[in-house]
Amino acid sequence: MYGLVRERLEAFGYQFKKDDEGLLKASVGRAQRNVSNECNLYDIPEELLDVVIDMAAGEFLAVKKVVCPQDIDCVDLNAAVKRIEVGDTNTIFAVGEGSLTDEQRFDRFVEYLLNYGRAQFNCFRRVKW
């Protein structure tokens with residue numbers, strides 16, 4: 001699981017340092033416990049692994065922002081497609097338009113990672129007696 005979360009963070013552009021292992025393990029453990037507690041399960045189903053991976057990545061980035069904000073400067077939030085040209089058709093998306101600061105965009109991204117897939121919990125939730 002740690003390797004999958006690490007790959008996910010690297011896909012976002014995060015560059016790992018030697019002292020990130022402890023925080024990564026804590027983030028993965030917290031995400032796993034969160035899903036287990038919400039669904040009342042001991043083992044996390046394979047269908048929820050993507051949710052756990054994103055939650056752990058979001059947890060990792062949220063803590064990094066508070067503890068060591070200079071480490072998250074490498075995360076590229078400008079990777080969204082803004083313009084597509086096919087033949088004589090030109091489409092421009094309003095991505096990044098408006099008054100959002102880089103910090104607000106980062107916060108929204110982390111919030112998305114932390115909450116993505118929570119609706120899937122309903123499929124696996126067990127009643128606690």
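Heads up: numbering here begins at 1 and tracks the sequence. Just so it is clear, the model here is predicted, and its values are computed rather than measured.
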- Task: Identify the two heavy atoms, one from Ala57 and one from Phe12, that lie closest to each other, and give their separation to 0.1 Å.
- Result: CB-CE1, 4.5 Å
- Which is it for Leu49 and Leu4 under the side-chain contact (heavy atoms from CB on, under 4.5 Å) test, yes or no, and what are the steps along the way? CA-CA 10 Å; Leu49 288 182; Leu4 296 172; 5.7 Å; no
- d(Leu48 CG, Leu41 CG) to nearest 0.5 Å is 8.0 Å
- Of all heavy-atom pairs between Ala62 and Val110, which one has the smallest distance, and what is that distance? CB-CG1, 3.8 Å
- Message: Can you classify the ring geometry of Phe60 versus Tyr14 as parallel (below 30°), tilted (30 to 60°) or perpendicular (above 60°)?
- Response: perpendicular
- Across all chains, not counting sequence neighbours, the salt bridge (charged side-chain N to carboxylate O under 4.0 Å, His left out) partners of Arg8 are Asp54
- Task: Answer yes or no: is there a side-chain heavy-atom contact under 4.5 Å between Val67 and Leu23?
- Result: no
- Kindly give the heavy-atom pair with the smallest separation between Ala26 and Arg33, and that separation in Å. O-NH2, 4.5 Å
- Message: Could you check whether any side-chain heavy atom of Lys65 comes within less than 4.5 Å of a side-chain heavy atom of Leu61, counting everything from C-beta outward?
- Response: no
Going by atom type alone, with no hydrogens or angles, which donor-acceptor pairs under 3.5 Å involve a side-chain atom of residues 115-122 and a protein atom two or more places apart or on another chain?
residue : atom : partner : partner atom : Å
Asn115  : OD1  : Arg118  : NE           : 3.2
Asn115  : ND2  : Glu111  : O            : 3.1
Asn115  : ND2  : Glu111  : OE2          : 2.6
Arg118  : NH1  : Glu38   : OE2          : 2.7
Asn122  : OD1  : Arg125  : NH1          : 2.6

- Would Arg6 and Glu10 pass as an ion pair if we require N to O under 4.0 Å? yes
- Item | Closest approach of Met55 to Asn34 (non-hydrogen atoms, all atoms of both residues) | CE-ND2, 3.3 Å
- Note on the structure: When every non-hydrogen atom of Ala56 is compared with those of Ser27, the smallest separation belongs to O-CB, 3.6 Å
- Distance, nearest 0.5 Å, that separates OH of Tyr2 from CD1 of Ile53: 13.0 Å
- Note on the structure: When every non-hydrogen atom of Tyr42 is compared with those of Ser36, the smallest separation belongs to O-OG, 4.1 Å
